[in-house]
Asker: 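The structure's right below; bear with me while I get my questions together.
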There are 4 protein chains.
Amino acid sequence: MTEHFSANNNTEDWAQELLALGGEEKMTPKQVAILQAAVDVFAEKGYAGTATSEIAQKAGVAEGTIFRYYKTKKDLLLSIVGPTMSRLLAPFVIRNFGNLLDKSFDSYEDFLRSLIRNRLEFARKNFKILQILIQEIPFHPNLREQFMEDIMSKVFERISAQVEHFKQKGEIIDIPAPTLIRFTASAIIGYIMTRLLLQPNKEWNDEEEIELLIRLIGHGIAADPGDRSV
Amino acid sequence: MTEHFSANNNTEDWAQELLALGGEEKMTPKQVAILQAAVDVFAEKGYAGTATSEIAQKAGVAEGTIFRYYKTKKDLLLSIVGPTMSRLLAPFVIRNFGNLLDKSFDSYEDFLRSLIRNRLEFARKNFKILQILIQEIPFHPNLREQFMEDIMSKVFERISAQVEHFKQKGEIIDIPAPTLIRFTASAIIGYIMTRLLLQPNKEWNDEEEIELLIRLIGHGIAADPGDRSV
Amino acid sequence: MTEHFSANNNTEDWAQELLALGGEEKMTPKQVAILQAAVDVFAEKGYAGTATSEIAQKAGVAEGTIFRYYKTKKDLLLSIVGPTMSRLLAPFVIRNFGNLLDKSFDSYEDFLRSLIRNRLEFARKNFKILQILIQEIPFHPNLREQFMEDIMSKVFERISAQVEHFKQKGEIIDIPAPTLIRFTASAIIGYIMTRLLLQPNKEWNDEEEIELLIRLIGHGIAADPGDRSV
Amino acid sequence: MTEHFSANNNTEDWAQELLALGGEEKMTPKQVAILQAAVDVFAEKGYAGTATSEIAQKAGVAEGTIFRYYKTKKDLLLSIVGPTMSRLLAPFVIRNFGNLLDKSFDSYEDFLRSLIRNRLEFARKNFKILQILIQEIPFHPNLREQFMEDIMSKVFERISAQVEHFKQKGEIIDIPAPTLIRFTASAIIGYIMTRLLLQPNKEWNDEEEIELLIRLIGHGIAADPGDRSV
DNA sequence: TATGAATGAGAATTCATTCAT
DNA sequence: AATGAATGAATTCTCATTCAT
């Protein structure tokens with residue numbers, strides 16, 4: 001199952017998604033309980049600040065049970081955070097073979113709309129795990145590397161293709177792609193984080209906010225009138 | 001010493017700034033060493049992942065010495081992170097009594113330019129401490145509260161005043177201030193983090209990048225031509 | 001089946017011997033696998049250093065299966081080591097009723113030759129179990145007692161009879177039997193251990209070494225010329 | 001301080017010897033207590049069968065204290081067993097430069113007498129540690145290697161020199177040195193082990209036993225009358 | 001002021017054993 | 001008969017903190 005921005009992501013819950021990962025490898029209820037408890041406590045207290053005993057207690061299992069499923073505490077962390085990292089970035093890595101550019105978008109705004117909706121939805125569903133991911137990346141070099149090298153570079157490549165495409169169409173100002181992408185990404189991430197992390201309890205009208213956001217970004221990066229190529 | 005965006009911030013080093021904090025309370029060289037070591041290790045391994053013994057070793061003091069100066073490990077953290085948090089937000093909280101609006105800026109762009117330059121400089125100087133601050137805020141409710149309630153609200157108030165000011169001058173699109181501020185802040189923070197954290201080794205032309213950033217934000221939030229109020 | 005030095009011991013393998021022990025109690029293949037795995041791992045890592053899970057894994061059975069056959073880990077050890085201990089010392093305990101002395105040997109050298117060959121063969125076949133036995137005897141008082149009291153004493157009695165016999169024939173120097181026996185046993189055990197444990201890979205000419213060993217012992221304990229009783 | 005067989009070894013106690021090892025590095029009383037407790041318990045229950053908590057209790061210290069002095073349980077073992085192993089074999093490794101042969105002995109019997117007395121004394125003083133050494137060597141490859149390669153080979157070399165020397169003088173039968181050495185060593189080790197380990201409570205007349213032992217070995221390896229070289 | 005030995009509560013992890021299936 | 005999930009007590013080891021010097 002590939003995730004694509006333009007597709008509605010109707011999966012329900014990170015746990016079910018994690019479950020689905022293994023395919024046939026079924027998880028016992030205890031293992032699921034462990035995972036859920038771990039996600040909760042890691043998100044709240046951080047990896048290093050969490051005692052396995054607390055996870056066990058919250059999961060309603062004996063402490064030893066955790067180590068039947070995960071050799072070490074770190075294994076437990078990685079088994080939560082690793083797959084989610086891939087899925088977070090999955091839609092950027094769809095291979096429509098031989099072509100970096102996904103042509104299904106008529107305008108950069110369309111592209112942004114799809115991107116924002118899709119990743120906001122994903123972030124909502126995987127909120128806690130993403131929290132853990134963000135919190136732990138600084139302390140786990142292998143995580144960081146996987147994030148920076150394996151994935152970010154590909155994401156950049158993909159978005160870059162879109163940006164260049166619309167730049168050539170004269171819709172986007174002709175400044176370096178990294179700057180454009182950083183600007184766009186910052187605005188989107190800023191929205192998602194405010195929405196879910198900083199002010200989750202505020203009443204949000206997502207439709208409206210997203211349209212405003214797209215408008216802000218869109219105008220920000222719009223080519224100057226005179227520059228518009230034929 | 002109040003920090004103001006428009007002022008050049010010539011302080012050299014967070015350590016000296018921390019030193020200056022106490023005013024007359026002089027710090028012994030050992031205490032300074034402890035602070036520096038703590039900053040280094042906390043930044044690298046996180047608060048919970050750091051052993052006080054490691055700090056002591058790195059500082060070249062005995063384990064017990066740390067606890068002469070700081071009752072607990074957490075005290076040590078707070079003594080590092082607390083003052084810096086205030087200083088991070090200080091320029092937003094200058095009281096020119098009775099008036100929220102700092103009128104020293106001719107345009108929103110000017111305001112942004114000053115803001116970006118100043119806070120980038122500040123972030124550069126206090127890089128590690130800010131890293132610690134960001135990493136630990138999720139896990140320390142009191143830190144979080146201090147950040148969210150005591151300070152962010154005031155920052156918001158201040159910037160809000162600027163935004164409303166320029167909105168009324170017709171320079172800024174008439175959409176809710178929170179959305180505008182979030183957009184602006186996201187773009188700025190995104191730049192600073194990329195600059196210092198994600199790609200510190202890339203060759204940066206800050207002057208140019210900042211002007212581009214201002215241009216992007218400026219166009220993004222510019223009022224539509226027809227809307228410009230007389 | 002009694003073992004006697006003078007008999008050739010043609011059994012092939014300790015496992016088969018262990019199998020034979022129970023007589024009619026047949027062992028399932030799983031049980032045999034458990035025993036073999038246990039012998040391997042106990043010998044390599046020692047009883048206390050071995051996890052039952054490792055035995056189970058090496059035996060290709062479930063962890064629980066071990067405890068179907070052996071109530072405890074210690075039971076497993078004893079079921080391996082106990083019977084072998086008896087068999088190790090069996091040839092010394094043959095009851096030719098009413099007579100401690102086995103008269104089938106013409107000389108002490110003959111007796112030694114038979115003893116050495118037979119027990120070397122036995123040690124070769126039961127190498128790992130003997131290793132376990134030696135390694136564990138210090139830590140299991142009941143094992144130690146069984147070894148020291150039940151068995152060593154009888155062994156001593158038997159050999160003592162031989163020694164006294166040949167002493168009276170004037171072939172052996174007239175010093176206390178314990179000293180003589182200790183000397184003899186040390187030389188033999190030293191050979192067997194070097195042969196099998198310390199330098200198993202050296203090229204050995206057993207025939208020759210045994211004859212040399214007998215010669216050394218023989219001359220060592222030979223009566224002084226003048227002392228030879230008529 | 002070099003140990004030489006012919007010298008009387010008047011040191012009192014392994015603990016003092018261990019203490020002396022570091023030279024200036026003084027040990028706290030607690031550390032000494034830990035070492036003594038560890039020696040006791042390791043000897044009784046074996047390394048793997050010993051809980052650090054038991055050592056701590058017996059030493060009258062907190063469990064954590066053990067790990068201030070020894071990073072791991074294994075470190076504790078090695079710090080006990082390593083130095084003793086060296087000292088056990090030290091007298092064989094004296095370098096009287098350029099000459100393998102220690103010429104201070106008039107006969108092989110003299111050499112043996114000195115060797116037996118000296119090493120018996122050593123074994124008596126370091127009894128428990130030697131017990132530990134013997135028990136643990138099978139399970140610690142690095143110990144085993146140190147023992148076999150670093151040391152045994154040199155011991156063999158040294159004794160070999162003596163043996164060859166007296167062989168040339170016609171006092172010793174002309175059979176391969178390894179066989180002679182093994183025979184001699186077995187008899188000596190057998191005596192020492194019986195003396196200290198198997199029957200420590202028996203009344204021993206060491207003087208007499210040693211003379212008997214030398215006589216037995218001596219006659220065992222004596223050249224046949226006709227072979228004596230002029 | 002500074003030390004660093006000592007602590008002991010608690011952390012992660014192991015493992016023999018049980019038991020429902 | 002056999003499994004293997006589950007347990008929980010025990011084990012090794014860590015670490016913030018104290019305190020006598």
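Each chain gets a letter, A, B and so on, in the order its sequence line appears, and its residues count up from 1.
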Asker: Tell me the partner of F:dT21, counting only Watson-Crick (N1-N3 plus N6-O4 or O6-N4) or G-U wobble (N1-O2 and O6-N3) with both under 3.5 Å; none if nothing fits.
Answerer: E:dA2
Asker: Between E:dT13, E:dT3, E:dT18, which nucleotide gets closest to the side-chain atoms of B:Arg68?
Answerer: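 Out of E:dT13, E:dT3, E:dT18, the nucleotide with an atom closest to B:Arg68's side chain is E:dT3.
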Asker: Please name all residues satisfying side-chain contact (heavy atoms from CB on, under 4.5 Å) with B:Tyr70, sequence neighbours left out, ordered by chain then number.
Answerer: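 Applying side-chain contact (heavy atoms from CB on, under 4.5 Å) to B:Tyr70 gives B:Met27, B:Gln31, B:Ile34, B:Leu35, B:Asp75, B:Leu76, B:Ser79.
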Asker: Using a cut-off of strictly less than 4.0 Å, decide whether D:Thr28 has a side-chain nitrogen or oxygen near OP1 or OP2 of E:dA5.
Answerer: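 For E:dA5, neither OP1 nor OP2 has a side-chain N or O of D:Thr28 closer than 4.0 Å.
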Asker: Could you check which of E:dT3, E:dA2, F:dC13 has an atom nearest any side-chain atom of B:Tyr69?
Answerer: E:dA2
Asker: Determine the sole option in D:Lys128, D:Lys58, D:Lys45 for which the side chain to side chain donor-acceptor pair (under 3.5 Å) test with D:Asp40 is passed.
Answerer: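 Of D:Lys128, D:Lys58, D:Lys45, side chain to side chain donor-acceptor pair (under 3.5 Å) with D:Asp40 is met by D:Lys128 alone.
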Asker: Taking the cut-offs as 6.0 angstrom to the six-membered ring centre and 45 degrees off its axis, would you call D:Lys73 and D:Tyr47 a cation-pi pair?
Answerer: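 D:Lys73 over D:Tyr47 ring: yes.
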Asker: For B:Lys74, does the NZ atom have more than 12 heavy-atom neighbours from other residues, nucleotides or ligands under 6.0 Å away?
Answerer: yes
Asker: Go through residues 49-59 of chain C and report each residue with a non-hydrogen atom lying under 4.0 Å from DNA chain E, sorted by number.
Answerer: C:Thr50, C:Ala51, C:Thr52, C:Ser53
Asker: For residues D:Thr52 and D:Glu63, is any side-chain donor paired with an opposing acceptor at under 3.5 Å?
Answerer: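 Per modelled atom types, D:Thr52 and D:Glu63 side chains form a pair under 3.5 Å.
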Asker: Between D:Thr72 and A:Val61, just flag the one whose closest nucleotide in DNA chain F comes earlier from the 5' side.
Answerer: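 Final value for this comparison: A:Val61.
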Asker: Which value, rounded to the nearest 0.5 Å, describes the distance between D:Glu136 atom CD and D:Leu143 atom CG?
Answerer: 8.0 Å
Asker: Hey, which sits more toward the 5' end of DNA chain E by its nearest nucleotide, D:Gln31 or C:Tyr47?
Answerer: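 On the 5' side of the pair lies D:Gln31.
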Asker: With both distances under 3.5 angstrom, what nucleotide forms a Watson-Crick or G-U wobble pair with F:dT12?
Answerer: E:dA11
Asker: Between C:Lys30 and F:dT3, is there a side-chain N or O to OP1/OP2 distance below 4.0 Å?
Answerer: yes
Asker: If you assign each of A:Ala48 and B:Glu63 to its closest nucleotide in DNA chain E, which residue comes earlier from the 5' end?
Answerer: B:Glu63
Asker: Considering only side-chain heavy atoms of C:Ala62, which listed nucleotide, F:dT17, E:dT7, F:dG4, is closest?
Answerer: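 Within the option list, the nearest is F:dG4.
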Asker: Take A:Gly60 and D:Lys73, find for each the nucleotide of DNA chain F with the closest heavy atom, and name the residue whose nucleotide sits nearer the 5' end.
Answerer: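 Closest to the 5' end, via its nearest nucleotide, is A:Gly60.
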